[in-house]
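So the structure is just underneath, and the comments pick up after that.
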Amino acid sequence: MSKEAELILDTKVDLGEGPIWDVENQLLYWVNIMESEVLIYNPQTEQNRVIDVGQYVGTVVKGRSGLLYLALHHGFASLDLATEEVTLITDPEADLPTNRFNDGKCDPAGRFWAGTMSVAEAGKTGSLYILDTDGSCRKMVSDIAISNGIVWSLDAKTMYYIDTPTGTVDAFDYDLASGNIGNRRSVITIPEGQGFPDGMTGDAEGMLWVAHWGGHRITRWNPVNGELLDTVHVPAAQVTACAFGGPNLDELYITCARRGLDATALAGQPLAGGLFKVSPGVKGLPAFEYADAN
C-alpha cells in the first residue's frame with residue numbers, strides 16, 4: 001500500500017541530503033550540499049537553523065561529545081554548534097581536489113563512514129572511507145561513481161551500501177570489531193524507470209528504506225530476499241535520502257533536490273528542494289553516533 005509524503009518545509013534547497021535524527025535533542029540535522037550549509041530543523045518550533053560551513057558538505061553525524069561531524073568537499077571535520085567553528089580532522093583525498101565527499105553514517109561501533117565522488121559526476125573516482133574513533137582514516141572500497149546510502153543490519157553482521165549508478169543495493173559481510181568488510185554482492189535491484197538508488201535508512205524490523213533519485217519515491221525492501229514491501233510517493237523527482245525521527249521514531253523525514261531540473265520540470269514540481277515527512281507505519285532506530293568521547 002503506497003503512501004504520500006507531506007511537505008513540512010518549503011526550503012527549495014539545491015541539493016538536500018544527509019538527514020539524521022538527534023534523539024537527545026529532538027532535532028533533525030541535514031545538509032544542502034552545494035550551498036555548503038548544515039541545516040538543523042526543530043519540529044517543535046518549526047525553525048530551520050542554517051550554518052554555512054565554507055565548503056560543500058555531503059553529510060552530517062552527531063558525536064557522543066555533542067559536536068557534529070561532517071564529510072566535506074575536502075575531508076572529515078568537526079562542527080561546534082555553539083561557536084559554528086569547523087575544524088578539519090583529515091583529508092584522505094588531498095590529491096583529488098575535483099572529488100568531494102557525499103553520503104555517510106556512523107556504524108554500530110561509532111566509526112564514521114563516508115564516501116566520495118567526482119564533483120562533475122564523471123567516472124569512478126570515488127572511494128569509501130572510515131574515520132576511526134582515534135581520528136585516523138582508512139580506505140575501504142575504491143572505484144566508486146557516486147557513494148551513497150549506508151546501513152547496518154540489526155545483528156551488525158551485514159553492511160548495506162549504494163553506489164548510485166549501479167542501480168542496486170549491495171551487501172558486505174561486516175566485522176563489528178574491526179570494521180572490515182568483504183564478500184560484496186547485490187541484494188536489491190531498482191526496477192528500470194523508477195530512478196536510481198540514493199540515500200537509505202533502516203527500520204526496527206531490519207528492512208531498508210531507499211530514496212529514488214529521479215523516481216518520485218521512497219521504497220521499503222526486504223534485503224534478505226529482495227522483495228519490495230512498500231512505497232512512499234514524493235511530490236519531487238530528485239528524492240535523495242530519508243531518516244526516522246520524532247519522539248517515537250515513527251516519522252520518516254525525506255530530503256530532495258532541485259538540482260538538475262530545468263524550468264519546465266520545476267514548474268511541474270514546485271515543492272522540489274523541500275523537506276517532507278510521512279508516517280510509514282513502522283519505527284526506526286536511534287542513529288549511531290561518532291565515538292569521540294569514550
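Predicted model, so just to flag it, every value in this text is computed and none were measured. What's counted below: heavy atoms across the whole structure, side chains too, no hydrogens, waters or symmetry copies.
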- Query: Hey, is Asp132 close enough to Arg138 for a salt bridge, meaning N to O under 4.0 Å?
  - Reply: yes
- Task: Determine yes or no for a side-chain-to-main-chain donor-acceptor pair under 3.5 angstrom, with Asn42 supplying the side chain and Gln44 the backbone.
- Result: yes
- With distance as the sole criterion, is a donor-acceptor pair present between the side chains of Asn148 and Asp163 under 3.5 Å? no
- Query: Is a salt bridge present between Asp22 and Lys62, judged by a nitrogen-to-oxygen distance below 4.0 Å?
  - Reply: yes
- Identify the heavy atoms of Leu88 and Ala77 that sit nearest to each other, and give their distance. CA-CB, 3.9 Å
- State whether the side chain of Arg217 and the backbone N or O of Gly215 hold a donor-acceptor pair below 3.5 Å, judged by distance alone. yes
- Task: Please confirm whether the backbone N or O of Thr219 pairs with a side-chain atom of Thr231, one donor and one acceptor, at under 3.5 Å?
- Result: no
- Message: I'd like to know whether NZ of Lys12 has more than 12 heavy-atom contacts from other residues, nucleotides or ligands below 6.0 angstrom.
- Response: yes
- Task: Indicate the ring-plane relationship of Tyr253 and Trp21, choosing parallel, tilted or perpendicular according to the 30° and 60° boundaries.
- Result: parallel
- Query: What's the verdict on side chain to side chain donor-acceptor pair (under 3.5 Å) for Thr116 and Glu93, showing C-alpha distance, side-chain angles and the deciding distance?
  - Reply: CA-CA 9 Å; Thr116 58; Glu93 294 193 349; 2.9 Å; yes
- Message: Salt bridge check, Arg220 against Glu227: does any charged N sit closer than 4.0 Å to a carboxylate O?
- Response: no
- Message: So that I know where these two stand, are Tyr290 and Tyr69 an aromatic pair - ring centroids less than 6.0 Å apart?
- Response: yes
- Query: Just by distance, with hydrogens left out, do Glu17 and Thr240 show a side-chain donor and acceptor under 3.5 Å apart?
  - Reply: no
- Item | Exercise: identify the closest heavy-atom pair between Thr90 and Cys137 | CG2-CB, 4.0 Å
- Message: If the threshold is 4.0 Å, N to carboxylate O, is there a salt bridge linking Lys277 and Glu6?
- Response: no
- Distance only, no hydrogens: is a donor on one side chain within 3.5 Å (strictly under) of an acceptor on the other, for Ser178 and Asp175? yes
- Item | Check against side-chain contact (heavy atoms from CB on, under 4.5 Å), Gln55 and His74 | CA-CA 8 Å; Gln55 54 179 292; His74 300 299; 3.4 Å; yes
- Task: Step by step, work out the side-chain contact (heavy atoms from CB on, under 4.5 Å) result for Trp209 and Val282.
- Result: CA-CA 11 Å; Trp209 294 78; Val282 295; 3.6 Å; yes
- Task: Starting from the C-alpha separation in whole Å, work towards a yes-or-no answer on side-chain contact (heavy atoms from CB on, under 4.5 Å) for Ile144 and Tyr161.
- Result: CA-CA 11 Å; Ile144 293 167; Tyr161 175 69; 3.0 Å; yes
- Distance-minimising heavy-atom pair for Pro19 and Ala241: CD-CB, 3.4 Å
- Task: Check whether any side-chain N or O of Ser279 sits under 3.5 Å from a backbone N or O of Glu251 as a donor-acceptor pair, and report yes or no.
- Result: no
- Task: Look up atom OG1 in Thr168 and atom CD1 in Ile190, then write down how far apart they are to the nearest 0.5 Å.
- Result: 8.5 Å
- Item | Minimal non-hydrogen separation, Ala257 against Trp213, with atom names | CB-CZ3, 3.7 Å
- Is there a donor-acceptor contact under 3.5 Å from the side chain of Asn248 to the main chain of Asp250? no
- For residues Ala171 and Thr158, report the shortest heavy-atom separation together with the two atoms involved. CB-CG2, 3.9 Å
- Does a donor on one side chain sit under 3.5 Å from an acceptor on the other, for Tyr174 and Asn180? no
- Task: Would you tell me whether Asn102 and Ser147 have side-chain atoms, one donor and one acceptor, within less than 3.5 Å of each other?
- Result: no
- Task: Quick one: do Leu67 and Leu79 satisfy side-chain contact (heavy atoms from CB on, under 4.5 Å)? Show the steps, please.
- Result: CA-CA 6 Å; Leu67 292 174; Leu79 170 63; over 6 Å; no
List, one per line, each side-chain donor-acceptor pair under 3.5 Å for residues 46-53, sequence neighbours excluded.
{"residue": "Asn48", "atom": "OD1", "partner": "Trp30", "partner atom": "NE1", "Å": "3.2"}
{"residue": "Arg49", "atom": "NH2", "partner": "Leu81", "partner atom": "O", "Å": "2.7"}
{"residue": "Arg49", "atom": "NH2", "partner": "Glu84", "partner atom": "OE2", "Å": "3.1"}
{"residue": "Asp52", "atom": "OD1", "partner": "Gly54", "partner atom": "N", "Å": "2.8"}

- Is it true that a side-chain atom of Thr59 and a backbone atom of Asp103 form a donor plus acceptor pair closer than 3.5 Å? no
- Query: Pro223 and Leu208: which non-hydrogen atoms are nearest, and at how many Å?
  - Reply: CB-CD1, 3.8 Å
- Message: Keeping His233 on the side-chain end and Glu4 on the backbone end, is there a donor-acceptor pair under 3.5 Å?
- Response: no
- Message: Salt bridge or not between Asp14 and Arg259? Use side-chain N to carboxylate O under 4.0 Å.
- Response: yes
- Query: What do the steps show when you test Asp170 against Ser186 for side chain to side chain donor-acceptor pair (under 3.5 Å), and what is the final call?
  - Reply: CA-CA 4 Å; Asp170 290 353; Ser186 295; 2.8 Å; yes
- With the threshold set at 4.0 Å, does a side-chain nitrogen-carboxylate oxygen contact exist between Asp173 and Arg185? yes
- Decide, yes or no, whether a salt bridge links Arg64 with Asp292 under the criterion of side-chain N to carboxylate O below 4.0 Å. no
- Task: Please check if Ile188 and Met207 belong to a single hydrophobic cluster, counting links between Ile, Leu, Val, Met, Phe, Trp and Tyr side chain heavy atoms closer than 4.5 Å.
- Result: no
- Does Asp203 use its side chain to pair, donor to acceptor, with the backbone of Lys283 at less than 3.5 Å? no
- Answer with yes or no whether the hydrophobic clustering places Leu228 together with Val210; edges join I, L, V, M, F, W, Y residues whose side-chain heavy atoms lie under 4.5 Å apart. yes
- Output yes when a side-chain donor or acceptor of His216 lies under 3.5 Å from a complementary backbone atom of Val234, and no otherwise. yes
- Query: Got more than 12 heavy atoms from elsewhere within 6.0 Å of OH, Tyr41?
  - Reply: yes
- Item | His73 side chain to Asn99 backbone, donor-acceptor under 3.5 Å | yes
- Gln26, CD atom: more than 12 neighbouring heavy atoms under 6.0 Å: yes
